[in-house]
J.: 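Take this structure first; my questions come after.
Just follow the structure's listing: the first ligand is 1, and inside any ligand the first atom is 1. Everything quoted here is computed from the prediction, not taken from an experiment. Heavy atoms only: backbone and side chains are in, while hydrogens, waters and symmetry mates are out.
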Amino acid sequence: MDFKLSPEEEAFRDEVRAFLDENLPPDGERGPEFGAEWNRKVREKRWVGFSWPEEVGGGGGSLMEQVILKDEMAKRKAPSLGSCFMGLAWVGPSLIEYGTEAQKQRFVPDILDGKYQWCTGYSEPGSGSDLASLQCKCTRDGDEYVVNGQKIWTSIAMWSKWMILLVRTDTTGAAKHDGITCLLVEMDSPGLEVRPIKNMSGSSMFAEVFFTDVRVPVENRLGEEGQGWQVTISALAHERSGIAEFHGLMRNLDRLKDLAKRSMKNGRPASEDPGLRRRLVRAETKVEAMRLNGMRFLTKQLKGEKLSSETSINKLHRALLEIELGEIALEIQGSAAPLWQGAAPVADDGHWQRFALGWPEVVIGGGTPNIQKNIIAERILGLPKD
Ligand SMILES: Cc1cc2nc3c(=O)[nH]c(=O)nc-3n(C[C@H](O)[C@H](O)[C@H](O)COP(=O)(O)OP(=O)(O)OC[C@H]3O[C@@H](n4cnc5c(N)ncnc54)[C@H](O)[C@@H]3O)c2cc1C
């Protein structure tokens, strides 16, 4: 690994630092309107979708420049880039790889501008880990597809304008993977019904989605008919790729250390408790291991090689760490841990209680730890399946 910056990369890093000096107020001085203003400014610099090609409105930045940008922003605790999470994370990259020219022109600029949200319709009641067994049925009728079936656990379906959807176009059973097709569906299509599901923290962030004779124009198919599995594999690789997760974990760890300093345990600051200190140091060591793993992946990418199964290592690592950080946060709060937002002894307005109950999103969403272990065992370590 050699990450010495070239003169051009150093100049870019200085440009980012100058932009942050000029435009980013300290953490505590950012008002409620700041998020939207920040998005606009970062977008103007073409730093949203920075690595995407310039012809679709991206920044045309190199991989190393993208790393510099994210690194500098994370150090200054800047809000995340862009406001269309799934659009930026995997719908946009999939459109760039598989979309027609018309689809790229229609959707990519709106994703970069954060005009509306996208949701992801992959999982079904009987198909999660074994996604290729999905049954949502789709038949062709002239210039339209007709969709019937159900999706579940669809995050932010109730606030999204569009969905990236996987359907089964070949129902003969002959082609499990090759019978899947990817469609882009408007959420207000007639026959599409969203029913929110409550999660264990009491809020609703995902939903069941039902399709009854929903008509989708053929021009909204992403990739060829039967190519949906490849589109999805590429999309999930985008979801699991890179070192982005490290920054989020580091930020949470910093906040936890701060909480430990502010909280009391056995008559002294919790940060002085030897048991807790050991847990925090162990967590920090694991986060650092994750960063170094991310650097290994980056080295591979800089040499022009594609990432594949190895992204499962950090996905697994992050899942276990998120659970651990939540447990540490509750330990620091002692007898206030089982209380909820609004109760007087609860720290940070219940942020840590919500955090501790929010682990399914990062642990189960995008593939469970068991599935990541299977991938690591079979594809990286070459262990036999049985
Ligand atoms: C907060 C949250 C948000 C989500 N958002 C979305 C979304 O936006 N869109 C979407 O499409 N889906 C979403 N999901 C669904 C998620 O992708 C699935 O829940 C996940 O893939 C697991 O599938 P499943 O729930 O059917 O569990 P199952 O596949 O039934 O798994 C149940 C248990 O069996 C284990 N298991 C299954 N197969 C194997 C195997 N071969 N080897 C070893 N162990 C195995 C699993 O690890 C797990 O512990 C979300 C889930 C959550 C929790």
J.: Please lay out, stage by stage, how R318 and E322 fare under the test salt bridge (Lys or Arg N to Asp or Glu O under 4.0 Å).
T.: CA-CA 6 Å; R318 179 184 174 193; E322 291 275 353; 3.2 Å; yes
J.: For N370, is at least one N or O under 3.5 Å away from an N or O on ligand 1?
T.: yes
J.: Could you tell me, atom by atom, which parts of ligand 1 come under 4.0 Å of a heavy atom of G366?
T.: 17 (O)
J.: So, W162 versus F107, ring centres under 6.0 angstrom or not?
T.: yes
J.: Side chain, backbone, both or neither: which applies to T368 and ligand 1 if a contact is any heavy-atom pair less than 4.0 Å apart?
T.: side chain
J.: For atom 30 (O) of ligand 1, grab the closest protein heavy atom and report residue, atom and distance to one decimal in Å.
T.: S129 OG, 5.0 Å
J.: Indicate whether atom 38 (N) of ligand 1 is within a distance of less than 4.0 angstrom of some protein heavy atom.
T.: yes
J.: List the closest protein heavy-atom neighbour of atom 19 (O) of ligand 1: residue, atom name, distance to the nearest 0.1 Å.
T.: I364 CG2, 3.4 Å
J.: How many angstroms lie between CH2 in W38 and CZ in R40, if you round to the nearest 0.5 Å?
T.: 11.5 Å
J.: For atom 9 (N) of ligand 1, grab the closest protein heavy atom and report residue, atom and distance to one decimal in Å.
T.: T120 O, 2.8 Å
J.: Cut-off 3.5 Å, side chains only: do T172 and D170 have a donor facing an acceptor?
T.: yes
J.: Kindly confirm or rule out a cation-pi arrangement of R195 over F210, judged by NZ or CZ under 6.0 Å from the six-membered ring centre and within 45° of its axis?
T.: yes
J.: Could you tell me the separation between the CZ atom of F85 and the OG atom of S80, rounded to the nearest 0.5 Å?
T.: 9.0 Å
J.: Under 3.5 Å, N or O to N or O, is T154 touching ligand 1 that way?
T.: no
J.: For atom 7 (C) of ligand 1, what's the nearest protein heavy-atom neighbour? Residue, atom name and distance, please.
T.: W153 O, 3.1 Å
J.: Do S160 and Q117 meet the criterion of a side-chain donor-acceptor pair at a distance under 3.5 Å?
T.: no
J.: Under 4.0 Å from a heavy atom of Y122: which atoms of ligand 1 are those, numbered in the order shown and with their elements?
T.: 11 (O)
J.: Could you check which of C119, G365, A207 puts a non-hydrogen atom nearest to atom 51 (C) of ligand 1?
T.: G365
J.: First locate atom CD of Q135, then atom CZ of R168, and finally report the distance between them rounded to the nearest 0.5 Å.
T.: 6.0 Å
J.: Determine whether the aromatic ring centres of W153 and Y122 lie less than 6.0 Å apart.
T.: no
J.: Less than 6.0 angstrom from the centroid, inside 45 degrees of the normal: does K45 satisfy that with respect to the ring of W47?
T.: yes
J.: Starting from atom 3 (C) of ligand 1, which protein heavy atom do you reach first, and at what distance in Å?
T.: S155 OG, 3.3 Å
J.: Give the residue and atom name of whichever protein heavy atom lies nearest to atom 17 (O) of ligand 1, and the separation in Å to one decimal.
T.: S123 OG, 3.5 Å
J.: Tell me whether atom 33 (C) of ligand 1 lies less than 4.0 Å from at least one protein heavy-atom position.
T.: no
J.: For ligand 1, which atoms have a heavy atom of G128 less than 4.0 angstrom away?
T.: 21 (O), 23 (O), 24 (P), 26 (O)
J.: Without hydrogens or angle criteria, can the side chains of Y145 and R221 be said to hold a donor-acceptor pair below 3.5 Å?
T.: yes
J.: I'd like to check which ligand 1 atoms, numbered from 1 as shown, lie under 4.0 Å from a non-hydrogen atom of F206.
T.: 1 (C), 2 (C), 3 (C)
J.: What atoms of ligand 1 come within less than 4.0 Å of a heavy atom belonging to E361?
T.: 1 (C)
J.: Ignoring angles and geometry beyond distance, decide whether N374 reaches within less than 3.5 Å of ligand 1 through its nitrogen or oxygen atoms.
T.: yes
